[in-house]
Amino acid sequence: MSATGWTVVLGVIVGGCGGVGESGGGGGDVGSDVVAEDVDSAPDAPVAGATEVDTIRIEGMAEAIEVQRVESPPGFAAQFTTTAPADMRVDFIEAGEGQEARFTAAFAGTHTPAATFRFVPLPGADSEVEAREQVAAVAGQHSAAAREPPLRDWAVEEYALSGERSGFIGLGRAADVWYYFQASYPPEYGDGMGPRIDLILRNWRWMPEGEPLTRDSEG
């Protein structure tokens, strides 16, 4: 375990509350499209119990979904809270110079590492130029195409995946930390992943101030 007191935290975090879908790669030494089996991990743990219900839209129909409250651990480069679907596994990972929060599909109790949504801080990026270069390299690994202008209001730069992988890569900044979000999943997961990713993003709050990530945030 690292000096921060965590390496991988599985099935976090307690409490309750509450897709745009699309993909991209890794910051620091955390590789792109790494699956849980590729890094040091504890034994599989169940997703934390959810005590609240939220609503997402799947194929145009409103659907109730159990949710869990997620909080970044001490020592994570960009502190946040959000709400995530209870049928997604949540991991906080530290490998080499890199950190990430990873949300992985576990629909109907089946863990699917090929369908992920990742948040990756870039504390080593001292300028927008460096941050753009790092994210462009990630996008290049996935043959992702630049999207101009970005679709999402928090994104400074955005790339879209297509073909065998659906998803997006979006570069943003919170306080003095550059970061990117990466959604990556097989196209057939789009109807399920997209609305769940939307739920995570609209409930995302930067701590300690509680500033929302997006203008679409609730409350």
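Just so it is clear, the structure is predicted and the values come from calculations on it, not from any experiment.
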Participant: Minimum heavy-atom separation for Q68 to A86, with atom names?
Facilitator: NE2-CA, 4.0 Å
Participant: Would you give the length of the straight line joining atom OG of S72 to atom CH2 of W206, rounded to the nearest 0.5 angstrom?
Facilitator: 9.0 Å
Participant: Over all heavy atoms of both residues, which pair between G172 and W178 is shortest? Give the atoms and the distance, please.
Facilitator: O-CE3, 3.2 Å
Participant: If you measure from CZ on R118 to CZ on F181, what distance do you get to the nearest 0.5 Å?
Facilitator: 12.0 Å
Participant: Determine whether more than 12 heavy atoms belonging to other residues, nucleotides or ligands lie under 6.0 Å from atom CD of E164.
Facilitator: no
Participant: Counting N and O atoms only, with roles assigned by atom type, does the side chain of D153 sit under 3.5 Å from a partner on the main chain of R215, one being a donor and the other an acceptor?
Facilitator: yes
Participant: With sequence neighbours left out, write down each residue that passes side chain to side chain donor-acceptor pair (under 3.5 Å) with E63, or none if nothing qualifies.
Facilitator: none
Participant: Report yes if the side chains of L122 and Y179 come closer than 4.5 Å at any heavy-atom pair, otherwise no.
Facilitator: no
Participant: Not counting sequence neighbours, which residues clear side chain to side chain donor-acceptor pair (under 3.5 Å) with T104? List them please.
Facilitator: none
Participant: So do the side chains of E66 and E52 get within less than 4.5 Å of each other, counting heavy atoms only?
Facilitator: no
Participant: Please report the shortest heavy-atom distance between I65 and P85, naming the atom on each side.
Facilitator: CD1-CB, 3.6 Å
Participant: Give, for atom OG1 of T112 and atom OH of Y189, the distance between the pair rounded to the nearest 0.5 Å.
Facilitator: 3.5 Å
Participant: Once side chain to side chain contact (heavy atoms under 4.5 Å, CB included) is applied, do any residues pair with P187, and if so which ones, sequence neighbours excluded?
Facilitator: S166
Participant: Taking the side chain as C-beta and beyond, is there a heavy-atom pair between F117 and I200 under 4.5 Å?
Facilitator: yes
Participant: Report yes or no: do R205 and T82 form a side-chain donor-acceptor pair below 3.5 Å?
Facilitator: no
Participant: Would you say L199 and I58 are hydrophobically clustered, going by side-chain heavy atoms of ILVMFWY under 4.5 Å?
Facilitator: yes
Participant: Strictly below 4.0 Å, N to O, side chains only: are R202 and D54 in salt-bridge contact?
Facilitator: yes
Participant: Is a side-chain donor or acceptor of Q99 paired with a backbone partner of G75 at a separation under 3.5 angstrom?
Facilitator: yes
Participant: Between CG of L171 and CZ of R132, what distance do you get to the nearest 0.5 Å?
Facilitator: 6.5 Å
Participant: Applying the 4.5 Å side-chain criterion to the ILVMFWY set and letting contacts propagate, would I197 and F107 be lumped into a single cluster?
Facilitator: yes
Participant: Any side-chain heavy atom of M193 sitting closer than 4.5 Å to one from M88?
Facilitator: yes
Participant: Please name the pair of heavy atoms, one in F92 and one in A101, separated by the smallest distance, quoted to 0.1 Å.
Facilitator: CE2-CB, 3.6 Å
Participant: Kindly compute the distance separating CD (E148) from CD (E157), expressed to the nearest 0.5 Å.
Facilitator: 7.0 Å
Participant: Minimum heavy-atom separation for A64 and V53, please, with both atom names.
Facilitator: CB-CG1, 3.7 Å
Participant: Could you go step by step and tell me if F119 and L201 meet the side chain to side chain contact (heavy atoms under 4.5 Å, CB included) rule?
Facilitator: CA-CA 11 Å; F119 170 66; L201 291 176; over 6 Å; no
Participant: For I169 and A139, work out which heavy atoms get closest and say how close.
Facilitator: CD1-CA, 3.6 Å
Participant: Starting at CH2 of W154, measure out to CG of L213 and round the result to the nearest 0.5 Å.
Facilitator: 6.5 Å
Participant: Report yes or no: does R152 contribute a side-chain atom to a donor-acceptor pair with the main-chain N or O of T214 at less than 3.5 Å?
Facilitator: no
Participant: Within the structure provided, determine whether R102 and V90 are in side-chain contact (heavy-atom separation under 4.5 Å).
Facilitator: no
